[in-house]
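So the structure is just underneath, and the comments pick up after that.
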Amino acid sequence: MALIVQKFGGTSVANTEKILGAARKAIREVKAGNQVVMVVSAMGKQTDALISLANEITDRPNTREMDMLLSTGEQVTIALMAIALESLGHKAVSFTGAQIGIHTDKTYRKARIRSISTDRMENALKEGRIVIAAGFQGVDDDLNITTLGRGGSDTTAVALAAALKADRCDIYTDVDGVYTTDPRIVPEARRLERISYDEMLELASMGAGVMHSRSIEFAKKYNVLVHVRSSFSDGVGTLIGPQPERESAPACGLALAKDETRLTVVGVKDQPGVAMRLFSKIADAKIAIDMIAQSSSAEGRTDVSFTLQSEDAVKAREVVDSFVKEEGDGALGYDFDNNVAKISLVGLGMTKQTGVAQKMFHAISEAGVNIHMIATSDIKISALVGRDDAVNALRAVHEAFALHCEPTPEELEVESASACETPETAPFASGVSPKLLNQLAGMEDVVVEGIDLDSDQARVTLYSLPDRRGLAAEVFDRVADGRVIVDMIVQSVGRDNQANITFTIPRNELEAVSAIANEVCEKYKSEGCRAEIDAKVSKLSLRGSGLRSHTGLAYRMFRSLSASNVNVSVISLSERSVGVLVDEAHGQAGLNSLKAEFSEESL
Ligand code: ADP
Ligand code: ASP
Ligand code: MG
């Protein structure tokens with residue numbers, strides 16, 4: 001007998017007819033001899049409706065009371081689902097988050113799961129009942145109701161699957177799988193047969209709303225196979241597991257985050273510790289920031305830009321405002337742009353191929369769109385563009401990478417060997433190590449899989465380029481012609497409307513790339529372009545999962561480096577890695593300090 005967790009999202013339970021449809025899907029599994037735990041969301045757009053009600057009263061509602069309010073949406077669905085199952089002749093029981101025993105921390109509206117007690121669910125299953133759990137909610141140590149963040153029912157489902165050591169976790173939704181990009185925006189998008197945990201985590205974290213990114217952290221950590229499928233048809237769906245669909249492809253998908261805000265703190269003293277104080281305040285406010293860029297240093301000061309989701313913008317501006325006041329430094333200020341969107345290309349294959357960034361920037365430029373900011377990590381490239389341009393840019397990049405094309409049977413065959421099979425080991429066994437599980441305080445605590453020092457890097461920075469469409473494409477066209485694998489790329493636009501582009505390359509490519517950099521500078525000499533080449537840099541990186549969205553982690557990395565007097569010049573952030581560029585002379589000291597800082601969480 002297998003144990004299956006089935007999750008039904010809002011549209012899949014939008015009315016009583018659909019609730020009965022979902023109930024029948026559960027009954028089908030029971031008839032096949034399986035045990036079923038259902039996780040359900042609020043009906044239709046009920047969560048939005050509840051938020052609007054509160055906002056009719058105030059735009060700053062108390063967060064504890066918001067969680068009290070929002071949790072009612074799921075409570076309605078669980079009761080109706082139990083009533084539906086009983087009406088169809090099956091024993092069922094509904095549980096709220098508190099009744100199942102989902103214990104969380106106290107961060108209202110973004111609570112993280114600490115533990116799940118499975119006894120009550122297991123007893124109900126033994127009695128032959130279908131268990132129905134409310135998604136998206138838990139309870140803290142003082143029995144206050146908490147919620148896990150918008151879209152959090154996916155996280156409840158995968159976390160329950162992990163805690164119950166379920167055989168499968170099926171996510172039923174209104175699309176028939178994970179697509180190369182949102183099929184509602186790009187109709188040519190293609191359903192993927194499967195996708196790896198790392199790729200799905202990055203896509204979800206960058207805005208692909210089909211899965212809550214934290215659910216994929218759980219799936220990867222506890223090796224839960226997740227199947228995304230349609231509530232309304234019987235297709236094969238998409239399997240999220242350890243393997244990618246094709247390793248040979250540079251990219252598997254594209255995410256669009258429509259509502260982004262860029263914040264720039266201007267006039268930051270270029271000294272170790274100042275930027276760190278800023279990031280620590282943002283991390284304390286549990287705001288996950290994404291693209292980070294520093295513009296060139298003039299008179300010992302730089303501008304630090306970063307992006308975040310617009311829903312956090314009010315809070316972030318308050319944080320920055322208090323930072324500026326506390327530093328008591330007349331030259332400090334900030335500005336923001338809340339009319340931007342972010343496009344992110346994701347794929348495990350891009351780590352091994354040249355020209356991927358160039359192709360993306362080229363496609364965006366050909367679509368007539370200017371790129372405001374660029375940031376990369378090992379398996380993703382993000383470009384910030386004007387919100388009105390975002391869909392055009394998204395379509396153009398999708399087309400350029402031929403993401404709509406089905407893989408050939410040969411491409412699939414080579415890599416499909418173990419992909420769709422259930423791992424031979426039980427779900428927990430090949431995920432996180434038992435040693436680590438015992439050490440950690442909470443199920444959702446971050447895991448650092450490794451800390452690396454790469455001393456084979458060189459940095460190239462082009463300062464004062466004109467901020468115009470096609471510029472990044474031009475620079476990386478030339479680099480790609482030389483077949484050089486570029487690693488970290490950061491582009492930002494400074495106050496003077498001039499762009500700076502920094503990227504790193506393997507040190508043995510330095511000569512060729514220096515020549516290219518000098519050619520570019522020669523062309524834009526009249527604009528004041530200058531190239532800076534540093535052959536003595538090292539990259540320090542943390543590997544793991546959930547590294548970006550666990551907001552305190554990057555901050556701890558910066559703090560630990562700053563305490564050892566290691567200055568950080570370029571930062572790349574993603575869910576599976578955080579990389580920083582440091583002086584080669586400080587590489588080893590930096591590595592030692594990170595090893596000491598993260599010894600508890602490291603495998
Ligand atoms: P649910 O209510 O079932 O949780 P969501 O609305 O949260 O459903 O997620 C499903 C939606 O995600 C789809 O309707 C689709 O518009 C959107 N989406 C965004 N990116 C993707 C993608 N890469 N693949 C499939 N759907 C996507
Ligand atoms: N009902 C919650 C929301 O709309 C949780 C979920 O559906 O996953 O965000
Ligand atoms: Mg959802």
Side-chain angles (χ1 to χ4, degrees), residues 6-14 18 21-22 25 38-52 66-67 69-78 97 109-111 133-138 146-159 169-195 199-216 226-232 235 237-238 240 245 251-258 311 343-347 391 394 398 403-404:
Q6 295 184 324
K7 180 253 169 180
F8 293 88
T11 15
S12 309
V13 290
K18 288 187 173 155
K25 285 215 183 314
M38 298 175 87
V39 174
V40 292
S41 292
M43 293 169 71
K45 302 252 176 256
Q46 182 59 15
T47 309
D48 292 336
L50 292 169
I51 293 173
S52 302
M66 278 309 279
D67 279 0
L69 176 68
L70 298 189
S71 67
T72 62
E74 271 67 15
Q75 199 171 330
V76 170
T77 324
I78 52 172
R109 303 207 65 180
K110 282 189 188 171
F136 171 61
Q137 55 180 261
T146 53
T147 64
L148 309 181
R150 294 305 306 270
S153 297
D154 297 328
T155 294
T156 307
V158 182
C169 181
D170 289 344
I171 304 286
Y172 286 97
T173 183
D174 59 2
V175 269
D176 63 351
V178 178
Y179 279 65
T180 47
T181 194
D182 189 340
R184 293 184 205 286
I185 301 177
V186 180
E188 316 78 89
R190 175 178 72 83
R191 182 180 55 77
L192 296 157
E193 288 294 316
R194 58 176 191 271
I195 182 167
E199 290 167 322
M200 189 68 238
L201 180 56
E202 221 62 74
L203 280 174
S205 168
M206 291 296 105
V210 62
M211 289 298 294
H212 196 228
S213 76
R214 283 162 51 191
S215 68
I216 310 300
V226 178
H227 212 141
V228 180
R229 53 209 323 187
S230 166
S231 276
F232 312 119
T238 300
I240 308 173
E245 189 182 65
C252 71
L254 265 174
L256 169 65
K258 272 201 313 287
E311 65 177 32
I343 291 163
S344 305
L345 183 75
V346 172
V391 171
L394 187 77
H398 196 271
L403 291 175
H404 55 283

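Order of appearance sets the numbers: ligands from 1, and atoms from 1 within every ligand.
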G151 heavy atom under 4.0 Å from ligand 1 | no

Among non-hydrogen protein atoms, atom 15 (C) of ligand 1 lies closest to D182 OD1, 3.3 Å

Contact partition for H212 relative to ligand 2, non-hydrogen atoms under 4.0 Å = neither

Nearest to atom 25 (C) of ligand 1 by heavy atom, G44, A208, G177: which?
-> G177

May I ask whether P183 places a heavy atom under 4.0 Å from ligand 1?
-> yes

Quick one: does G152 get a heavy atom under 4.0 Å from ligand 2?
-> yes

Nearest non-hydrogen atom to atom 12 (O) of ligand 1 belongs to which of L192, L254, T11, V210?
-> V210

Contact (N/O only, under 3.5 Å) between K7 and ligand 1 = yes

Using distance alone, decide if ligand 1 has a nitrogen or oxygen within less than 3.5 Å of any nitrogen or oxygen in G10.
-> yes

Any G10 heavy atom less than 4.0 Å from ligand 2 | no

Non-hydrogen atom of M211 closer than 4.0 Å to ligand 1 | no

Output yes when R190 and E245 qualify as a salt bridge under the 4.0 Å nitrogen-oxygen rule, no when they do not.
-> yes

Hey, is ligand 1 close enough to T180 that some N/O pair sits below 3.5 Å?
-> no

Write out the residue and atom name of the closest protein heavy atom to atom 3 (O) of ligand 1, then the distance separating them to 0.1 Å.
-> T173 OG1, 2.6 Å

Judged by heavy atoms only, the candidate from Q46, R150, M43 nearest atom 9 (O) of ligand 2 is R150

